[in-house]
Amino acid sequence: MQQTRVRSLGFLANGIELRSIYQPGAVADPATVAYAAELTDAGERFRVLDEPFRRMVIFDRRAAVVSASPDDRQAVLVEDPAVLTTLVALFERDWARAEQVDWLALDGRSRESGVPPELTGLLAAGLTQRAIASRLGLSERTVAGHIARLREFYDAETLFQLGWQLRGASGRAPHRRGDPGVDGQEEWDL
C-alpha cells in the first residue's frame, strides 16, 4: 500500500485525476480508511459499491489493466478502443451507483471546505445565488466560486445534489413550503 500511496500522491501532485471504487469492507479496515483519508485530502476520490464489480485500472481512456482470473493473480492489458469504451462505460456506471464515504470523518479528521458556514446554511435553506450574495454582501461571482468549491468538496454533480447533501450535513429541519425568502422569493424544500 505504501508504494501505491507514493505513486498516487505523485499523480495527484501533477494534476492527474484519480477515482477508486472500494468494496464495503474497506470502511471497517483502519489502514484502508487512513490511506483513503490521506489521498482524499490530496484530491483523489473514493466511493464504495456494495455489489460485485470488475477490478480495473484505466489510463487516460487509452489503456486499461483488467483482472483476467477470479483470484486476481493474472491481468490483461487492453488497448483496443472499442473495448476501452466499454470498460470506461462500465466504470462510470459503477461510479454513479457507488456511495460516497466521508473518509476524513471515518479517520477522525475534521473536514473544511473553505466556504463560509453562513453561505452553506443559506444554500441548504434553498436561497438562490443572488439572494445569498445580497444577504452576505458578496458578489454573485464570489458566491458562484464558493458553490463550485462546495460541489467539488461534496462531489455533487448538480446544484440539487449539493443542496440535498448540505441539508443532510447541516442537520437542519426542513423549511415550511412557501416561507418568503429574500426579496420576496420563495424558499423550497429539497
Side-chain angles (χ1 to χ4, degrees), residues 8 12-13 15-28 30 32-51 53 89 91-190:
S8 294
L12 293 165
I16 296 172
E17 177 185 6
L18 299 176
R19 295 185 291 162
S20 298
I21 300 174
Y22 281 165
Q23 296 174 338
V27 298
T32 302
V33 168
Y35 171 82
E38 179 182 5
L39 289 173
T40 295
D41 217 17
E44 185 168 351
R45 295 188 296 159
F46 296 90
R47 289 188 179 180
V48 171
L49 184 59
D50 191 14
E51 60 188 65
F53 59 90
F91 176 83
E92 293 297 345
R93 184 204 68 181
D94 288 345
W95 182 260
R97 292 163 44 152
E99 297 290 324
Q100 296 179 37
V101 174
D102 190 343
W103 297 99
L104 295 171
L106 284 176
D107 197 38
R109 302 182 196 184
S110 64
R111 251 182 114 193
E112 296 295 327
S113 66
V115 175
E118 303 83 16
L119 188 141
T120 58
L122 295 173
L123 189 59
L127 271 68
T128 64
Q129 204 168 294
R130 177 176 286 158
I132 293 170
S134 172
R135 188 170 287 184
L136 296 179
L138 301 171
S139 73
E140 283 187 58
R141 188 173 181 176
T142 299
V143 171
H146 285 312
I147 291 172
R149 277 190 294 289
L150 284 170
R151 283 179 62 181
E152 183 176 328
F153 184 74
Y154 284 99
D155 196 24
E157 294 180 18
T158 66
L159 194 54
F160 178 80
Q161 287 175 340
L162 176 60
W164 188 261
Q165 290 179 16
L166 288 174
R167 174 76 66 162
S170 70
R172 296 171 47 117
H175 273 43
R176 192 181 66 212
R177 287 187 180 268
D179 283 350
V182 177
D183 302 328
Q185 299 173 9
E186 290 186 355
E187 298 175 19
W188 296 92
D189 280 341
L190 296 174

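In this view, D41 and L104, R109 satisfy the side chain to side chain contact (heavy atoms under 4.5 Å, CB included) rule, not counting sequence neighbours. Scored by the side chain to side chain contact (heavy atoms under 4.5 Å, CB included) test, V48 finds Y22, P24, V27, V101, W103 as partners (sequence neighbours excluded). When the salt bridge (charged side-chain N to carboxylate O under 4.0 Å, His left out) test is applied to E44, no partner is found at least two apart in sequence or on another chain. With sequence neighbours excluded, the residues that form a salt bridge (charged side-chain N to carboxylate O under 4.0 Å, His left out) with R97 are E51. By the salt bridge (charged side-chain N to carboxylate O under 4.0 Å, His left out) test, E99 is found to be paired with no residue, residues two or more places apart in sequence or in another chain being considered. When the side chain to side chain contact (heavy atoms under 4.5 Å, CB included) test is applied to Q23, the partners found at least two apart in sequence or on another chain are F53.
Atom OG1 of T142 sits about 11.0 Å away from atom CD1 of I147, to the nearest 0.5 Å. Interatomic distance, T32 OG1 to F46 CZ, rounded to the nearest 0.5 Å: 9.5 Å. Taking OG of S20 as the start and OH of Y35 as the end, the distance is 6.5 Å to the nearest 0.5 Å. Q129 CD to L119 CG: the interatomic distance, rounded to the nearest 0.5 Å, is 9.0 Å.
The minimum heavy-atom distance linking W95 with R19 is given by the pair CD1-NH1, 3.3 Å. Nearest heavy atom pair, residue V33 against residue A26, reads CG2-O, 3.6 Å. Minimum heavy-atom separation, I16 to L12: O-CD2, 3.5 Å.
Side-chain contact between L150 and L123 is present, with heavy atoms from C-beta onward closer than 4.5 Å. Inter-residue side-chain proximity for R45 and E17 is flagged as met; some heavy-atom pair is nearer than 4.5 Å. At a threshold of 4.5 Å between non-hydrogen side-chain atoms, the residues L136 and V143 do not count as touching.
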### Task
Could you check T40 against D107 for side-chain contact (heavy atoms from CB on, under 4.5 Å), going step by step and ending with a plain yes or no?
CA-CA 11 Å; T40 295; D107 197 38; over 6 Å; no
